[in-house]
Structures are given as C-alpha cells and as structure tokens.
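Order of appearance sets the numbers: ligands from 1, and atoms from 1 within every ligand. Excluded from the calculations below are hydrogen atoms, water molecules and symmetry mates; all remaining heavy atoms, backbone and side chain alike, are included.
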Amino acid sequence: MGKSGKKTKESHRQGRGRRGSELGDDDLPSSAYDAPPRRQEDSDGDDSDEATAEGEHDGGAEEGDLQGQWQVGSMPSKFHLYQLSVQSPKGDISYLQKFFLMYVGGRVPLHLQEDFCGTALLSTEWLRTDTRRTAVGLDFDRESLEWCLENNLSKIGADGYSRLLLFDGNVLQPNESRLVKQKISDLVQGLNFTSDDDSTEMNSCEQSDSSFTKCAANSTMSDAVLPGRDIICAFNYSCCCLHKRKDLVLYFRHAFNALSKRGGIFVMDVYGGTSSECKLRLQRRFPSFTYFWEQEEFDIITRETRISLHFQVGKKQMIRHAFTYHWRLWSIPEIKDCLEEAGFKSIHVWIREMPDTKSSGNAKEYTADRDVKYEELQRFNQADAWNAYIVGVANM
Ligand SMILES: C[S@@+](CC[C@H](N)C(=O)[O-])C[C@H]1O[C@@H](n2cnc3c(N)ncnc32)[C@H](O)[C@@H]1O
C-alpha cells in the first residue's frame, strides 16, 4: 500500500446520483485485484530484477519488519510475496473502523474476527493499533496459520501474542475448529496460553483475567470463551470459496451469531465487471518481483472461475500457481439476499471502479488509481472492473 493512497481528490463520479465518499484520507484496503500502488521510489528507482530485502509498500508490516525476511539471493516465501503484493492491513483497518463507527458507533471496536484469515496479517496489525484489542483468526490451511505464528505474530511480542487466537478449521463449522499455537512463543513468560507439552495439565480452557480465556493447544473454538466480536471480516474474495448458497447463508449465520450483542458488522469484499468473466492476466511489477493475477477460465452457467497467483522473482525464478483458488463469483444481490436471510438488519455496498483492464498497457502493468475512493452506492452501471465491500450490520 503506497502513500499515494492517502491523497484524496473529490470523486469525479459524484453527480451520478451516488453518495460521495464519507471516508476521509485513508489508505485503501487490500485486495488481490486492487493491488497496492508503486511507491514513488519504486517507479523512479532501479529497474533491475535483483531480489533485495526491501519492503515494497507500506501496507502490512512496517518497512523495517519486511527487511530481513528475505535474504538477497534466497527465494522468498510465497506467503511473504502474497502479503507484499496483495495485502494492505492498515487500509483495511481504517475502512473497518469507519464502517463500524458509521453503522454501529458508540464505542471503539476492539474485538475482530478474521475469517479465511490465511496468514492473519490483518489480525496482527489490528493488535498493534490498540493494546485493548483482540483478534481471532480462522482458516483451514494449517501451513498459513503456522507461517503467521512464526513470521507475523513473532513480531508483535508477548503482549500481542496473548491477544490473538488462531483456529484451524472450516468457517462452516467454526465451533469445531482447533486452536493453533506456537511452541517457541509459548515458552515466553507471562503468555496467555499453555504449550502443547503442558496442555495435559489443563483441561481445554480456563477462565483468566485477561481478554481471552487461557486455552490449551487443540482446544476448540467452542471451548474458548470469546468476547462478542465487534467486526468480522472475510477479505480477498474468500466468500467465493463457498460455492453453495446454503453454505454461504450458513457461514453468514455463524458470523451473525459471533457478533457482539451490542451490535457489530460483518465486512466482505467481492470483485466484478465484464473483465471478471473472461480469461484475464494482469501483472504488477515491484522492485524485486512481479505479481501475476490469472483468471484461467470462467463458466457462465456455474459462475465458477479459477484464479491463480504467480510470482516472478528476479529474471528467471518463477513461482507458478503459488496460490490457486476455485471460486464461485457471487453477485452483489445474491450476497445481499443471503446476508438478509442470515439475520443482518441492513446491508451497505461500497464500490470502487477499477481502471480498464483492456486499456493500453494494463495487460502488462495493471496500476490501480489510488485517488478513486470507495463510495456507498445504491446503483452502479456495469464497468470493465470494479471492487466492492459489502457491510452487513447486526444491531441486536
Ligand atoms: C483468498 S485467501 C484469503 C486470505 C486472506 N484473508 C487475505 O485477505 O489475503 C482464502 C483463504 O480462505 C481459506 N479457506 C477457504 N475455504 C475455507 C473454509 N471453508 N474454511 C476456512 N478457511 C477456508 C484458504 O485456506 C485461504 O487461506
């Protein structure tokens, strides 16, 4: 996420019957499609493809944090490349907070649940922003969760560690998901968890005076006594991993039930436009690597598509299919209907038009215009490419 995202211009799309953005000067949230911009020095600088230990943008961890994760000459982890090219947790948090204040308000949101969390970069950044904050991450990819513990969580120290619970499990059966913990960090004094080794001394979870119950590794989410969540999010099009309508409604019900009884919001993103329904390859160049988004196919009967993310590091090293997703590209009205069915009282759609994927040069280098902000809209004419945030509000 580049600093240029902070400059706000008056939206050129006002006057089409749309409500102008009420959001101020923010970083944009993250998305695999809406890739973070180049920093000024990225475009000015050395164009060589040599791998360096530099951070590419200010989206996730601080620049200093990025250094040292990636040694010159060594192949970076696919998770590290993903975080650098796709994620912008500061932008996510700024939008989440504003959505919460607009639609719930009356208190500072403290408790986040990041569903489909992958490496839970957003959760770890959330913990940094306020020492009262807690986060719960849920994903069924153990490798991502463990990478988070070793690479993201290890940077926020013991205090942060005690405020994050990562669960390995299916969002459709969250209560059966199992707590994942880091053995090394477990040894740090004063932590809120027990290690695998001493879990025999503890029967699942015990009440403690801190924000979370003290839980043994492998406890289930239903064992843990968690605060009602102020915000639950499912980012980077993760809801598209669910292909059946009944699963989408079931997932939304779980999210609704986990929100605070004092009111909370569920936020997800989705993309679309004519370019989303055909084969498409976009690329974005960073100083030390190139990120590729490839839509391999789109079935108009099932609305299923396969997206692959590839990375090229240096001149020759290619990580093909670093991530591949089989998605059902849900439409906004389908999502709204399912949210309503799950109990959400009001639903708000925030959209941002994306640059035309067919305009000259874009196929080679897709550069999002950071000055086009998200707006809450009731209607939006089809475009080549758009990205949307859908906010479900649960006012109990
Ligand atoms: C597109 S990635 C998004 C990762 C992260 N949320 C982000 O913003 O970049 C989708 C993630 O959802 C996870 N996932 C897919 N289906 C799931 C399910 N039914 N339950 C839990 N996790 C799931 C995958 O393992 C993957 O980490």
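Remark: ligand 1 atoms within the under-4.0 Å shell around heavy atoms of Gly169 are 20 (N), 21 (C). For ligand 1 and Phe235, the ligand atoms under 4.0 Å from any heavy atom of the residue are 3 (C), 6 (N), 8 (O). Per-residue contacts place Cys241 under 4.0 angstrom from the following atoms of ligand 1 (heavy atoms of the residue considered): 15 (C), 16 (N). Applying the 4.0 Å criterion to heavy atoms of Gly118 picks out, from ligand 1, the atoms 27 (O). Close approach of ligand 1 to Tyr82 (heavy-atom distance below 4.0 Å) involves ligand atoms 3 (C), 4 (C), 7 (C), 9 (O). For ligand 1 and Asp141, the ligand atoms under 4.0 Å from any heavy atom of the residue are 25 (O).
Checking Phe79, Phe167, Phe116 against atom 23 (C) of ligand 1, the nearest heavy atom belongs to Phe116. Comparing Leu145, Asn170, Leu138 against atom 19 (N) of ligand 1, the shortest heavy-atom distance belongs to Asn170.
The aromatic rings of Trp327 and Trp293 sit tilted, their planes meeting at an angle between 30° and 60°. Taking the six-membered ring for Trp and thresholds of 30 and 60 degrees, Phe99 and Trp350 have ring planes inclined between 30 and 60 degrees apart. Tyr374 and Tyr389 have perpendicular rings, their planes meeting at more than 60° on a 0 to 90° scale where under 30° would count as parallel.
Considering backbone and side-chain N/O of Asn236, one or more are found under 3.5 Å from N/O of ligand 1. Among the atoms of Val171, some N or O lies under 3.5 angstrom from an N or O of ligand 1. Not one N or O of Trp327 is nearer than 3.5 Å to an N or O of ligand 1, by distance alone. An N or O contact shorter than 3.5 Å is missing between Glu114 and ligand 1 by distance.
The closest approach between a heavy atom of Phe140 and any atom of ligand 1 is below 4.0 Å. Not a single heavy atom of Val86 sits closer than 4.0 Å to an atom of ligand 1. By the 4.0 Å heavy-atom criterion, Asp139 is counted among the residues contacting ligand 1.
Of all the heavy atoms of Tyr325, the ones lying under 4.0 Å from any atom of ligand 1 belong exclusively to the side chain.
Aromatic pair Phe79/Phe323: centroids less than 6.0 angstrom apart.
For Arg328 and Trp330, the positive end sits near the middle of the six-membered ring, less than 6.0 Å away and at most 45° from its axis.
Here the side chain of Trp147 pairs no donor or acceptor atom with the backbone of Asn152 at under 3.5 angstrom. A donor-acceptor pair is defined here as one N or O able to donate and one able to accept, closer than 3.5 Å; such a pair exists between the side chain of His310 and the backbone of His321. Side-chain atoms of Asp139 come within 3.5 Å of backbone N or O of Gly118 as a donor-acceptor pair.
Considering only residues two or more places apart in sequence or on other chains, Asp299 meets the salt bridge (charged side-chain N to carboxylate O under 4.0 Å, His left out) condition with none of them.
The pair Glu277-Arg303 counts as a salt bridge, with a side-chain nitrogen and a carboxylate oxygen less than 4.0 angstrom apart.
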